[in-house]
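Input: a single structure, listed below in structure tokens.
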Amino acid sequence: MIRKLFVLNLKALLSGSLKSRSGGKSGGGKLALVVAVGAVLAAMVFGMLMVFFWSMLAPFFAAGIGWLYFALLALIVFGLNVVSTIFSASALIFGAKDNDLLLAMPIKPSVILISRLLVLLASEYLFALVVALAAFIPWVVGGYATAAGVVYFFIDIVLLPLLALAISLLLAWLLGLITSRLRRKNLVTLVISLGFLFAYFYFCFNMQRYMQELVMRGEEIAAAFRTAMPPFYAFGRGIADAGLGDVLHFILWAAVPFAVTVFLLSANYRKILTANRGAAKIAYKEREAKSRSMLAALTRKEMAHYLSRPMIILNCSFGALVMIIGAAALLVKSDEVLSSLAAVLPALGGVNAAALCAAMLLFIISCNNLSASLISLEGNNLWIAQSLPAPGPAILMSKICAHLLVTALPCLFASVCVGIAVAQNLADWLTVLIVPQTFIALTAAGGLAINLHFPKLDWTNEARVVKQGLSATIAFFGAALALIVLGLLYGLIFRNFISLAAYLWLCAVIFAAGAALTFLWLIRNGSRRFAGL
Amino acid sequence: MLTIEHLTKRYGDKRAVDDLSLHIARGEICGFIGHNGAGKTTTIKAVCGILGFDSGEIYIDGKSVNREPLACKRRIAYIPDNPDLYDFLSGIKYLNFIADVYGVTAAERAERIRAYAAMFELTGDLAQPIAAYSHGMKQKLALISALIHEPELMIFDEPFVGLDPKAARIIKDIMRERCARGAAVFFSTHVLEVAEKLCDKVAIIKDGRLVAYGDMDKVRGDSSLETVFFELEEGAAHD
């Protein structure tokens with residue numbers, strides 16, 4: 001039964017990517033696209049991590065703290081797993097739509113739980129594999145590996161996701177418990193989640209500084225590490241020094257929390273799923289009715305959906321959050337930022353500061369891919385949009401408007417803050433204000449067009465659309481890849497002929513033309529495609 | 001009010017609806033009966049402009065669903081058999097959303113929401129998120145949203161499923177009242193007694209084809225609708 005449910009969950013996970021809407025098997029082209037997107041994604045992450053681990057290998061082993069190399073590997077895998085799984089755990093373990101259906105069947109709740117845990121574990125192992133290989137190859141090629149160490153490496157890396165999953169489950173359950181009684185549960189969930197995310201990213205962005213401090217104050221920090229994070233210390237020592245005692249120590253650290261969590265959850269799973277935590281009833285008071293235009297009503301509906309789900313806010317508009325927080329920080333700490341920019345600009349060939357900030361904004365904008373999920377998010381509600389007397393272009397335009405509200409407004413705020421901090425003249429102001437907006441127009445229209453081609457409407461939880469949907473993945477990495485290519489083109493060729501600001505304006509013209517063409521396609525063909533979903 | 005001419009819809013090789021024709025005049029209630037998978041929902045979705053079809057024509061108040069889909073949709077109200085509503089909205093926000101899309105004025109919607117919500121005993125729950133509604137409450141909300149723009153043609157797929165007896169009674173009264181004012185109703189049901197008592201016309205579909213259609217009295221003759229239905233089912237099976 002566990003195997004059947006696991007396969008069912010896995011099929012649900014993959015169905016958006018590999019099956020057509022009618023349920024038939026996909027063509028080779030779609031499968032190839034999925035594989036290609038996955039491969040590019042894995043290669044990018046793998047490449048970055050490999051460089052990171054190579055740079056640490058020799059200094060750490062030379063300083064006699066080789067265990068820290070693996071402890072950091074464990075920390076990265078653990079962090080990635082927890083951050084990537086917490087919402088999936090919340091949606092799949094506690095909030096899946098088929099809970100009632102499965103609970104009504106002659107299946108033990110613990111079996112339902114375990115089948116879902118296996119799906120989460122499978123995705124954690126994928127992350128772990130990419131990071132572990134990026135650390136394993138330098139270690140072996142660098143000649144620091146021992147036979148026992150290699151064996152312990154594989155044992156530890158197999159067990160590490162168990163610890164991460166136990167923590168994710170606990171956090172997801174706590175999050176649900178805390179927020180269930182609150183009126184503003186979405187806001188609280190968002191704030192807590194943002195806290196986790198920014199703490200994680202803060203750690204990642206400061207990794208370089210930590211590394212330098214590690215090399216300078218290795219023993220001191222290692223001692224702190226040993227005391228504060230014993231599982232990771234045991235993980236690192238077990239592999240680097242091939243110490244069986246440390247390996248056994250880590251096995252306990254990974255297996256016991258996981259076993260206890262699974263035991264407690266499976267013993268209480270039915271109770272947890274069916275608990276009515278008694279959210280307070282909201283009294284209805286009739287207010288003066290207001291009528292709105294059709295586009296305003298449709299856009300408000302999209303925004304209501306977006307604002308009601310912290311998971312969508314975090315996954316589809318992370319760039320907007322970064323822009324708002326970053327822009328506010330820029331105003332508060334403009335002196336520090338300007339001095340950092342002044343230090344960086346000469347190394348970049350003296351590029352214009354405003355142009356550099358505009359380019360950075362483009363990369364942040366690429367993190368917003370809301371429009372690429374908005375059609376899939378209609379799910380079982382699609383009949384409403386299709387039966388209403390609303391023209392297809394108006395429905396699509398409302399989704400574009402939602403994307404623009406979520407991205408263009410924060411970007412405008414960020415542009416103004418950047419302008420105040422670095423703009424020297426009108427041209428600088430125009431660059432930071434207009435260039436990012438053209439890219440937003442392109443990503444808004446492009447994301448929607450991609451979602452029309454790869455809709456996933458038969459989801460059982462929204463996380464599958466937003467986090468694992470093919471459309472969202474293509475939009476996110478497509479935008480990032482396009483910017484990387486444009487950046488490389490400038491660095492390798494165009495910087496010899498034109499300034500960065502001029503190059504950005506050239507890009508803006510291309511973005512605007514691309515956006516206009518995609519808008520036209522959406523109006524002419526997109527609405528027909530939407531009606532046929 | 002509703003004219004279907006030679007409607008055919010295929011899914012691959014299967015003809016889900018095969019050369020189906022019927023007409024419902026203003027003031028008529030027409031029941032649509034058939035076993036599961038007979039083609040009722042496919043027909044209804046085609047009438048509402050949700051599902052395209054391969055051949056034939058559908059007219060609502062003389063307007064083609066294919067050529068003037070928006071004009072047709074403005075005249076109809078549709079409720080599916082299992083109404084999944086926007087669970088991220090509250091009941092009142094959902095009703096306002098529907099009213100905005102249909103262009104119902106603020107004064108008209110306020111009056112209608114007040115009246116229908118009181119009728120269905122849903123007023124106290126309008127501020128609740130739809131996610132907290134039971135199936136019956138969702139059904140009631142869907143019914144109110146369907147009535148908010150005073151449709152000329154009401155198309156319901158299994159409208160009585162999940163409704164409590166009082167709400168079922170109210171919806172029957174509303175159907176009759178709307179028809180008395182010149183609207184028409186086309187609904188599918190498996191409850192033959194309800195169809196028999198409520199409908200002026202009946203259409204029985206089997207394997208995509210209409211096997212009986214006409215005024216209730218003529219189709220039923222001297223026997224009950226249930227007897228006629230099973231005779232037709234068995235007759236078709238013998239054929």
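Here is how names work: the chains are called A, B, and so on, in the same order as the sequence lines, proteins then strands, and each is numbered from 1. All values reported here derive from a predicted model rather than from experimental measurement.
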Specify which of [options] makes the most heavy-atom pairs with chain A at under 4.5 Å.
| options | answer |
| --- | --- |
| B:Phe97, B:Tyr94, B:Tyr11 | B:Phe97 |
| B:Arg109, B:Lys93, B:His149 | B:Arg109 |
| B:Ile113, B:Leu89, B:Ile92, B:Thr105 | B:Ile92 |

Quick check for you: to the nearest 0.5 Å, what is the distance between [X] atom [atom1] and [Y] atom [atom2]?
| X | Y | atom1 | atom2 | answer |
| --- | --- | --- | --- | --- |
| A:Asn380 | B:Leu85 | CG | CG | 11.0 Å |
| A:Leu388 | B:Ile76 | CG | CD1 | 10.0 Å |
| B:Asp100 | A:Lys290 | CG | NZ | 11.5 Å |

*How about residues 40-54 of chain B versus chain A: which residues have heavy atoms under 4.5 Å apart?*
B:Gly49, B:Ile50
Got a donor-acceptor contact below 3.5 angstrom from the [X] side chain to the [Y] backbone?
| X | Y | value |
| --- | --- | --- |
| B:Lys73 | A:Gln386 | yes |
| A:Arg292 | B:Val101 | no |
| B:Asp84 | A:Asn381 | no |

_Interchain contact, A:Leu295 with chain B, by part (heavy-atom threshold 4.5 Å)_ =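 Contact with chain B is absent: no heavy atom of A:Leu295 under 4.5 Å.
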*Would you say B:Tyr86 and A:His305 make side-chain contact, with heavy atoms under 4.5 Å?*
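Sidechains of A:His305 and B:Tyr86: no contact.
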_Taking every non-hydrogen pair under 4.5 Å, which of A:Gly532, A:Ala531, A:Pro391 racks up the most with chain B?_
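With the most close heavy-atom pairs to chain B, the winner is A:Pro391.
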*Which one, A:Ala297, A:Ala296, A:Ala283, leads in non-hydrogen pairs under 4.5 Å with chain B?*
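Heavy-atom pair counts peak at A:Ala297.
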*Can you say whether the rings of A:Trp383 and B:Tyr78 are parallel (under 30°), tilted (30 to 60°) or perpendicular (over 60°)?*
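A:Trp383 vs B:Tyr78 ring planes: perpendicular.
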_Engaged part of B:Pro69 at the chain A interface, taking heavy atoms whose separation is under 4.5 Å_ =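 Neither part.
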*For B:Ser90, is it the side chain, the backbone, both, or neither that has a heavy atom closer than 4.5 Å to a heavy atom of chain A?*
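Neither part; nothing is under 4.5 Å.
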